[in-house]
Amino acid sequence: MKIAHLGHSTIYMELADQTRLIIDPFIDGQLNENWQPANLKVDYILLTHGHSDHVANVFDLIRHQQPTIIAVAEIANFFAKLGQKVHGMNIGGGFDFPFGRVTMTHALHTSSLEYDGAVHYLGNPAGFIIEADNKTFYHAGDTAEFMEMDLLGEDFDIDFACLPIGDNYTMGPKQAARCAKRIKAKKVLPIHYNTFPVIEQNPQNFIDLLTAAEGLVLPLGELYEI
Ligand code: NI
Ligand code: MN
């Protein structure tokens, strides 16, 4: 299982069987051509919720390919109506895809998308646990801290977790560090910070607060083997 952080909450994942996934595509425009949505090839797009800083590049990615969009039922229905291949799920459910198992987890946030001049409310926000290549990966989506994260720590052996630390729209560094402990993650990557002025953070402050997990900041666009 290889991943690359492509800015904000965007994670690209490449599995041993060559399956390519992208979570919450909102790709940093400074990254090289290969990472830009007009060129990037993916088999699946996973969406944690409908906010534009998580789905904006879906519209570019689906222009040149037909990936399957995995999301909560309301978001899946929204993209199905646009003619896309979708797999709708809901919170607490898991499904065995050809590449591995995806479990949709709770997230404490909101979810809507402005599209074609109207605001669409798109069900509840979510997170994802992906089990593939004998690794367990967790993307929390946009969320506040919630105590049920303890159960994720009990049910899953999380090798790598992406947690938002930006504050204002999600939890901040202190709560995110406590979440790392709740989920018993081995490694954690801070996401959802420094993209906008209101979510400015020094990721080192988060890393310094970690007790058991190893915190890391990945250079954007570099593949990392989990
Ligand atoms: Ni959001
Ligand atoms: Mn967001």
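Order of appearance sets the numbers: ligands from 1, and atoms from 1 within every ligand. The basis for the numbers below is simple: all heavy atoms, side chains too, and nothing from hydrogens, waters or symmetry mates.
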Parallel, tilted or perpendicular, judged at 30° and 60°: which one describes the rings of H51 and H49?
perpendicular
Check your understanding: Should the pair F59 and F78 be assigned to parallel (<30°), tilted (30 to 60°) or perpendicular (>60°) ring geometry?
Key -> perpendicular
If you consider just the N/O/S atoms, which atom of [X] is the closest one to the Ni ion (ligand 1)?
{"X": "H109", "value": "NE2"}
{"X": "H51", "value": "ND1"}
{"X": "D142", "value": "OD2"}

Exercise for review: Could you tell me whether the side chains of T143 and H109 share a donor-acceptor contact shorter than 3.5 Å?
Suggested key: no
Checklist entry - With distance as the sole criterion, is a donor-acceptor pair present between the side chains of N205 and Q201 under 3.5 Å? => result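 Short answer, no.
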Kindly indicate, with the supporting measurements, whether the criterion ring pair (Phe, Tyr, Trp, His ring centres under 6.0 Å) is fulfilled by F206 and Y193.
CA-CA 11 Å; F206 163 73; Y193 67 96; 8.7 Å; no
Given I11, which partner from the list L21, D24, L189 fulfils the side chain to side chain contact (heavy atoms under 4.5 Å, CB included) test?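 Exactly one option meets the side chain to side chain contact (heavy atoms under 4.5 Å, CB included) with I11, and it is L189.
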Next on the checklist: Suppose we only count N/O/S atoms under 2.8 Å; would H192 qualify as near the Mn ion (ligand 2)?
Outcome noted: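 It does; at least one qualifying atom falls short of 2.8 Å.
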- Query: Does the shortest distance from the Mn ion (ligand 2) to an N/O/S atom of H54 fall below 2.8 Å?
  - Reply: yes
Among the N/O/S atoms of D142, the Mn ion (ligand 2) lies closest to OD2
Of all the N, O or S atoms in D53, the one nearest to the Mn ion (ligand 2) is OD2
Original post:
Is the distance from the Ni ion (ligand 1) to the nearest N/O/S atom of D53 under 2.8 Å?
Top reply: no
key: Whether H49 has an N, O or S atom under 2.8 Å from the Ni ion (ligand 1)   =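 Checking the Ni ion (ligand 1) against H49, an N, O or S atom does fall under 2.8 Å.
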message: Could you walk me through whether F26 and H54 satisfy the ring pair (Phe, Tyr, Trp, His ring centres under 6.0 Å) test, starting with their C-alpha distance in whole Å, then the side-chain angles of each, then the deciding distance to 0.1 Å, before giving a yes or no?
response: CA-CA 6 Å; F26 184 66; H54 299 257; 7.6 Å; no
